[in-house]
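When reading the values below, keep in mind they use all heavy atoms of this one structure, side chains included, and skip hydrogens, waters and symmetry mates. Numbers restart at 1 for each chain; the letters A, B, ... are given by sequence-line order, proteins then strands.
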Amino acid sequence: MVSLNLPCDNFVFPSALKACAGLSVLQVGRQIHGLVSVSGFGSDPFVQSSLAHMYVRCGEMVKARKVFDRMDQRNVVGWSAMVAGYAREGYITEAMELFRMMRDSGVEPNLVSWNGLIAGFSHSGNSVKGVATLKEMYSQGFRPDGTTISSVLPSVGDLSSLVTGLQIHGCVVKNGFAADACVVSALVDMYGKCGSTENMLQVFDEMVEMDVASCNALVAGLSRNGLVEDALRVFMQFKRQHVELNVVSWTSVVACCAQNGKDIEALELFREMQSVGIKPNSVTVPCLLPACANIAALTYGKAMHCYSLRQGIFENVYVSSSLVDMYAKCGKIWGARVVFDMIPFKNVVSWNAIIGGYSMHGKAKEAICMFNLMLESGQKPDHISFTCVLSACSQSGLIKEGKEYFRSMSHEHGLTVRMEHYACMVNLLGRVGKLEDAYQMISQMPTKPDACVWGAMLSACRIHGNATLGEIAAEELFRLEPRNAGNYVLLSNIYASKRMWDRVNRVRGRMMYIGLKKNPGCSWIELKNKVHTLLAGDKSHPQMTQILERLNRLNVEMHKSGQFPDTQFVLQDVEEQEKEHILCGHSEKLAVGLGLLNTPPGYPLRVIKNLRICGDCHGTIKFIAKFEGRQIFVRDTNRFHHFQDGVCSCEDYW
DNA sequence: CTAGGGTTAG
């Protein structure tokens, strides 16, 4: 229309600006603003309100305010857009103040004004304000409608306040809002977030007309509450019933798998999603990438990188940040850095990804350097930034630096010290052998230490073979998480390393009594675009004979060179020779053996393990790396081990 | 002709 030189009037500007607002396209909005300025309609109240709204929706509150301040006759639409905008951006005081000023200037808020304010609070995650505003609206004689309900519900879910949720549900039933699809999906979501699956299912079952958003909320709700199998089952049902599943539906089910240890399933669902013609978007990618990272499926991860570049979604900060994380977890820390440097607008998530990456690789210097660069760039650190930098310090035994970061967290950055930060400090002190200091830190905590703190203590006791403090930590853990087999294994390993076999048997008896089995060790390796899973002692892999043959040959070579496996890591009290036999079956060694067989000489190997690497395997893999002239990366639950030339990047300190 | 709502994301 503009290129045809047709004149724009005060009727077409609002419509065009509304389109910009809906799509948050600031660039076009600015151009239209320019046209408005030269058109002579710059003082039309409709045009001005629309302009203010466009800037609000593009997150440009300063620009919006400028337009609003210049308005000659401020109408209810302009006021309401500004109020909602401030609430949405988290400027609560400004929103409330403007709301008051609107009334003082003689403009009465209507239902849409109230709803906008409530939606703004919900959007910015303000759980208390949303509900409070709903109550205030009631007290001033405004009846809520379906929009009010679906605006306020998201903040109720965040509150985890089931009572409030039930009250609102009651209001929905009484007023007949249950026919509104948005209300139903918001209710399903709210009950899911409050952990009430019975209510969630009831709302879903009573739904009048099938609605895809409610189906999606149900899948997410089941997944979030640990009912993974049910989530997958209902998804399959929806597919069979020909519910018109959209990109959100597929993304939800991919996320469900990726967040619950079903990494291979996540990759398969992603493929199926594409095969039925649903295009993954900038949310799908960060949902899927953790699955690639978990099993070090680098080829899939790279494919996602290419896809993101092709689709033009790489610039999305969540997409690029999850790519950084994926490369780091797949052993490519340099690749992670390259991607990080290409992120145009970094946020705290991006910085945390690269700091965490360096930390995981034991590169404390680099992690600290990136942390300082983040501060210099003006980015405020959050509690995760501190978890990353503190764990980097503990990987490398940097006591002084760690203590200083720990102190600055609350004193300089105004952040609350959480359990995981105490756990980092216990880890830091404990690993260098300052077990008494670590124990003292726990005793002086303002809140009761949780399992991650005691777990750090127990691990430190394992490294230094301290049975006395180990027993204290273990007893706390048995009370806090009686069904976590790892704790029993750690304590029993402490005893085994001190040859206290009667106590080893006592712990194992206790485990058996409550019906716990040692978590089987499991490793993954990607070879020729296929991810292979190996379980400790499992002989089912088709190449197992060759693997064991190769490993035995390497074992002989190792003995010849005068090195012997460290057998103190075996749990059972058995003859020395048999111990070595059991160690041979550890999954990380099997994965390395498989990698050696199926890759050309000199090719680097990347292995992922679900538990911490054992000392014997660590020693053996150091030997293999040297003997075979290979770089071998092993990622365990804690960090990366980069084996090369007979040494490991962790310097035997893990 | 201009203002308000639900589902996926470290």
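The phosphate of dT8(B) (OP1 or OP2) has a side-chain N or O of Arg224(A) nearer than 4.0 angstrom.
Across all strands, Ala119(A) comes closer than 4.0 Å only to sugar-phosphate atoms, never to a base (heavy-atom distances). If you check every strand for non-hydrogen atoms under 4.0 Å, Asn347(A) touches nothing. As judged by a 4.0 angstrom heavy-atom cut-off over every strand, Val47(A) is placed among residues making no nucleic acid contact. Within the nucleic acid shown, Gly120(A) has no heavy atom closer than 4.0 Å to any nucleic acid atom. Ala181(A) comes within contact range of at least one nucleobase, with a heavy-atom separation under 4.0 Å. Note on Ser50(A): only backbone sugar-phosphate atoms sit closer than 4.0 angstrom, heavy atoms only; bases stay farther off. Within the nucleic acid shown, Asp189(A) comes within 4.0 Å of sugar-phosphate atoms alone, with no base atom in reach, counting heavy atoms only. No contact: Asp44(A) has no heavy atom under 4.0 Å from any strand. Within 4.0 Å (heavy atoms only), Asp145(A) reaches at least one base atom of the nucleic acid.
Here the side chains of Tyr300(A) and Ile295(A) are not in contact, with every heavy-atom distance at 4.5 Å or above. Side-chain contact between Asp230(A) and Thr197(A) is absent, with no heavy-atom pair separated by less than 4.5 Å. Contact check for Leu201(A) versus Leu218(A): side-chain heavy atoms found under the 4.5 Å cut-off. Residues Ile313(A) and Asn281(A) have side chains not in contact (no heavy-atom distance under 4.5 Å, counting atoms from C-beta outward).
Of all nucleotides listed (dT8(B), dG10(B), dT7(B)), dT7(B) comes nearest to the side chain of Ala217(A). When the nucleotides dG10(B), dC1(B), dG5(B) are ranked by their closest atom to the side chain of Cys182(A), dG5(B) comes out on top. Ranking dG10(B), dG5(B), dT7(B) by closeness to the Lys193(A) side chain, first place goes to dT7(B). Comparing dG10(B), dT7(B), dT2(B) against the side chain of Val77(A) picks out dT2(B) as the nearest. For Phe11(A), whose side chain is taken as the heavy atoms from C-beta onward, the closest listed nucleotide among dC1(B), dG5(B), dG10(B) is dC1(B). In the set dG10(B), dG5(B), dA3(B), the nucleotide with an atom closest to the side chain of Val183(A) is dG5(B). Comparing dT8(B), dA3(B), dG5(B) by their closest approach to the side chain of Cys287(A) singles out dT8(B). The side chain of Asp180(A) lies closest to dG5(B), out of dT2(B), dG10(B), dG5(B).
Phe386(A) has its ring centre less than 6.0 Å from the ring centre of Phe371(A). Phe340(A) has its ring centre less than 6.0 Å from the ring centre of Trp351(A). Within the 6.0 Å centre-distance limit, the rings of Phe68(A) and Trp79(A) are counted as a close aromatic pair. For an aromatic pair to be called close, the ring centres must be under 6.0 Å apart, and Trp114(A) with Phe99(A) satisfies this.
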Listed pairs under 3.5 Å, donor-acceptor, residues 80-87 of chain A side chains, sequence neighbours left out:
from	atom 1	to	atom 2	distance (Å)
Ser80(A)	OG	Val76(A)	O	2.6
Ser80(A)	OG	Ser113(A)	OG	2.9
Tyr86(A)	OH	Arg65(A)	NH1	3.1

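Rounded to a whole Å, the CH2 atom of Trp79(A) is 22 Å from the P atom of dT2(B). Taking atom CD on Glu420(A) and atom C1' on dG10(B), their separation rounds to 13 Å, with Å as the unit. Straight-line distance from the CZ atom of Phe41(A) to the P atom of dC1(B): 17 Å, rounded to whole Å. The interatomic distance linking Lys329(A) (NZ) with dG10(B) (P) rounds to 10 Å, in whole Å. Distance, Arg418(A) CZ to dG10(B) C1': 13 Å, rounded to whole Å.
Within residues 243-266 of chain A, the residues having any heavy atom closer than 4.0 Å to DNA chain B are, in order of number, Val248(A), Thr251(A), Ser252(A), Gln259(A).
Applying the 3.5 Å distance criterion, the base of dA3(B) shares a donor-acceptor pair with the side chain of Asn110(A). No N or O donor and acceptor, one from the side chain of Ser151(A) and one from the base of dG5(B), sit under 3.5 Å apart.
Stacking annotation: Phe46(A) is stacked on the base of dC1(B) (ring centroids less than 5.5 angstrom apart, interplanar angle below 30 degrees).
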